[in-house]
J.: 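Quick one: this structure, given as structure tokens, is what I'll be asking you about.
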Amino acid sequence: MRIKLVSAILTLGLALASCSDRRTVIGVSQCSDDAWRQKVNREIKIGQYQYKDVDVRFCSANNDAKRQVRQIDSLVASGVDLLIVAPSDVSTVTPAVERAYRKSIPVILYDRKIYSDCYTAYVGADNVEIGRVVARFIAAKLGGKGRVLEIAGLKGSTPVEERHRGFVEEISKYPGITTSTVNGDWNVDGARKIMSRSLAVDPNIQCVFGHNDAEALGAWEAAKAVGKEHDIMFVGIDGLPDKRQGIDLVKRGCFAASYIYPTHGETLVPLAMRILNNKPIERMNYLPSSLVTAENAAIVEMQNNEIACQANSLDAIYANIDSYMKMYRSQKIISWLAAFIVLLLIVLAAYNYYVYKTKAKVGRRLRQIADEKVRFFTRASHQLRTPLTLVAGPLRHLISQGGFDDKQQQTLDIIQRNVAELEHLTANVLNFQTRVDSATDNTDQCQQPSISDETVSQLVLQDSRRDIVTKNDPDDDLDTILIVDDNADIRSYLRSLLSPYYYVIDASDGRNGLRLARESVPDLIVSDVMMPIMNGLEFCSKIKADDVTCHIPVILLTARSAESQRIEGYEHGADGYITKPFNADLLLTRIESMLANRRKIKIAQLDGKAEAPDTADANSADNLFMSRFREAAMQHLGDADLKMDDLGSELHLSRVQLYRKIKALTGKSPTDIIREMRLNRGHYLLCHTDRPISEIAYEVGFAVPSYFTTCFKKQYGINPTELRRG
Ligand code: FRU
């Protein structure tokens with residue numbers, strides 16, 4: 001899919017890159033490749049320079065008409081926009097030109113014509129007229145008498161036929177002149193042979209008319225070979241400027257004249273562009289010219305040299321332009337490619353992003369489904385465990401009481417075995433659940449209680465604790481325990497378990513638990529985790545974040561037993577973690593050991609072996625609370641009527657909250673602590689001032705000085721007067 005996308009974009013990119021550079025292609029099919037054609041081709045290029053978006057494809061048939069037909073067909077097949085054709089053999093080439101023309105390719109015939117009307121325009125000389133001009137010149141030179149050999153061009157092309165026609169038409173007006181005509185092949189060698197043969201037959205030839213300069217030159221060479229080059233007059237056609245070409249041969253006296261056969265190749269591309277752009281054109285474009293004779297040969301040569309010079313400089317300029325254009329085109333292609341690579345990368349990035357998003361979406365959905373399953377199993381299993389616990393515990397208790405007959409005992413054994421089996425199966429389901437949990441790496445840990453590694457069979461109810469006495473009114477002698485659990489049976493079971501030893505209060509969810517904890521400031525909290533309204537983890541965090549309750553140890557009692565869930569519990573501030581189904585002994589032991597530790601610390605504080613309130617397990621919030629309490633008490637030290645209600649409200653606490661918080665942290669009541677602070681201040685004033693004892697007693701908040709003395713003696717073992725004395 002991705003490969004298909006990339007290749008489609010690449011194709012599009014390349015197509016656009018090439019479209020952006022659409023060029024016109026002109027095909028030139030030359031019949032031969034001699035000096036005259038080379039001049040034409042060079043001029044065509046000069047014409048092409050005017051158009052930056054035009055390419056010209058040249059090909060030459062070397063006077064082979066069949067070859068030219070193939071070349072024309074292949075130019076058409078290659079998709080040229082226009083053809084310029086100088087046909088070789090007219091009857092062979094005409095069908096090829098017609099084919100191209102019928103394919104709606106405009107055709108410009110150049111120099112030569114075809115036997116058909118299937119062409120767009122003609123550019124070339126009037127060859128009939130050339131024949132006439134040459135005839136008139138020869139007749140004049142011969143004085144109307146003499147023998148003329150016409151060496152015509154290669155048979156089959158229209159210039160040959162036309163030049164001959166014009167020549168004969170004009171020369172026949174001079175009865176004193178006789179002519180004979182032989183077809184050559186446009187070349188020097190061919191003409192040389194013809195001339196040798198002709199001289200052998202007719203040594204009185206006085207003039208040779210070659211259809212081009214090459215043929216006239218061949219004839220001249222043959223005459224020279226027999227020492228007759230000065231006796232015979234030679235006239236050619238083409239009049240090219242280079243060495244051993246028409247003008248040069250006239251200048252050197254070899255030829256009497258050469259007709260300048262006009263090229264004007266530079267007019268072809270502009271004409272082609274006009275045709276392609278549907279602009280009006282002249283269909284027949286005859287190029288005028290004239291004879292070069294001994295009289296004007298030097299001037300014509302000079303002009304030609306100048307034109308050649310200019311053409312050379314033009315060539316140089318256009319060669320430079322050409323190379324700049326090539327550079328420009330390649331840079332343009334590179335820019336296009338770069339743009340498309342960038343586009344490609346953007347598309348790929350977008351595609352990858354889309355795939356990533358889709359995968360993530362599918363992944364999320366699958367995880368959601370998995371989570372839903374997990375939650376379903378978890379809840380189902382968890383809900384099974386609570387009633388199972390409440391069946392198994394009392395059943396064991398019943399069996400341990402004994403006194404059943406055999407049949408009853410048997411029945412109870414069956415029930416116990418099957419309850420154990422049910423516990424085992426539930427444990428298996430939850431074990432499986434815990435594996436699923438770690439595989440899906442579910443972060444919603446709070447919603448997924450899992451299996452305990454303790455078995456229900458370890459649940460033991462102690463007989464000695466079974467005599468339930470319902471009182472954790474609060475009694476200073478009994479610690480208060482707050483149970484928070486949404487299951488009423490569990491609450492009642494825990495209450496029955498704990499109330500023989502503690503004053504027990506309970507709440508059915510975290511929010512009520514929090515309210516109760518703030519009101520009653522219990523000594524310890526046992527809380528479930530999975531509860532409605534506010535779960536146990538949030539409840540625990542809130543307990544630990546509150547000034548009033550932060551010192552209270554919290555034991556989480558839950559079916560969530562995975563290592564990560566325990567860690568999560570401790571991270572929320574839990575002091576203990578016991579998993580359901582729980583061992584009653586274990587729970588009682590943990591509760592008792594936590595409370596005993598607290599008591600030990602308080603005793604150590606009272607004995608002065610530990611600092612208060614900064615005890616080993618007192619948290620910084622407790623330290624802060626004690627500082628605030630002492631600071632508030634210090635403000636009112638001299639106030640003998642100080643009420644604990646007032647001090648409590650300064651600290652945003654009720655009297656009961658203040659009492660239980662201070663008691664929990666220090667083991668002493670707020671009144672005891674304030675009395676100690678007053679006596680410490682009195683001790684200081686007794687030692688550092690000589691103010692009367694009664695005044696000091698009033699200052700530190702004792703309304704009756706004798707009571708100050710009594711308390712002082714009790715605290716320091718010495719009365720104030722004795723302290724002063726000595
Ligand atoms: C060049 C040439 C010229 C001649 C012309 C006739 O290929 O042979 O010498 O004038 O063609 O088409």
Side-chain angles (χ1 to χ4, degrees), residues 28-44 58-65 67-68 71 84-94 97 108-115 119 122-134 150-167 182-192 194 208-220 234-242 244-250 255 257-265 268 285-292:
V28 177
S29 169
Q30 292 283 19
C31 54
S32 60
D33 185 27
D34 45 54
W36 192 86
R37 299 282 159 197
Q38 282 160 17
K39 184 169 181 265
V40 172
N41 289 349
R42 203 167 143 205
E43 288 167 355
I44 289 175
F58 293 95
C59 48
S60 166
N62 285 320
N63 290 318
D64 179 342
R67 187 174 177 190
Q68 188 168 24
Q71 286 175 344
I84 297 172
V85 184
S88 181
D89 180 73
V90 64
S91 44
T92 311
V93 176
T94 295
V97 173
I108 299 174
L109 295 177
Y110 178 70
D111 154 48
R112 302 179 181 190
K113 295 174 184 161
I114 54 170
Y115 294 152
Y119 63 95
Y122 168 78
V123 178
D126 180 345
N127 281 293
V128 179
E129 181 58 21
I130 290 173
R132 288 190 196 117
V133 170
V134 171
E150 181 190 15
I151 304 178
L154 187 68
K155 201 170 179 185
S157 70
T158 54
V160 175
E161 186 264 316
E162 287 170 352
R163 286 173 192 178
H164 173 71
R165 184 151 39 98
F167 179 73
V182 183
N183 272 100
D185 60 0
W186 297 115
N187 293 319
V188 176
D189 290 348
R192 194 189 301 116
I194 289 169
V208 173
F209 165 37
H211 270 207
N212 68 1
D213 290 332
E215 290 183 330
L217 178 62
W220 179 84
F234 297 89
V235 177
I237 295 178
D238 282 350
L240 292 173
D242 300 325
R244 287 176 64 78
Q245 295 291 343
I247 298 171
D248 179 52
L249 293 167
V250 172
F255 289 2
S258 172
Y259 191 94
I260 299 177
Y261 191 52
T263 48
H264 291 291
L268 292 173
N285 301 277
Y286 287 105
L287 305 172
S289 192
S290 61
L291 274 175
V292 183

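Just so it is clear, the structure is predicted and the values come from calculations on it, not from any experiment. Counting from 1, the numbers follow the sequence of the chain as shown. As a basis for the values below, the full set of heavy atoms in this structure was taken, side chains included, without hydrogen atoms, waters or symmetry mates. Ligands are counted one by one from 1 in listed order, and the atoms in each one are counted from 1 as well.
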J.: Are D213 and Y261 close enough that a side-chain donor and a side-chain acceptor fall under 3.5 Å?
T.: no
J.: Charged N to carboxylate O under 4.0 angstrom, D242 versus K39?
T.: no
J.: Side chains of S29 and Q71: any donor to acceptor distance under 3.5 Å?
T.: no
J.: Can you sort out the partners of R192 under salt bridge (Lys or Arg N to Asp or Glu O under 4.0 Å), two or more places apart, ordered by chain and number?
T.: D189, E221
J.: Relative to each other, are the rings of Y110 and W36 parallel, tilted or perpendicular (30° and 60° limits)?
T.: parallel
J.: Other residues, nucleotides and ligands only: do more than 12 of their heavy atoms fall within 6.0 Å of CZ on R244?
T.: no
J.: What does the list of residues with a heavy atom under 4.0 Å from ligand 1 look like, ordered by chain and number?
T.: S32, D34, W36, R37, D111, R112, P159, R163, W186, N212, D238, Y261
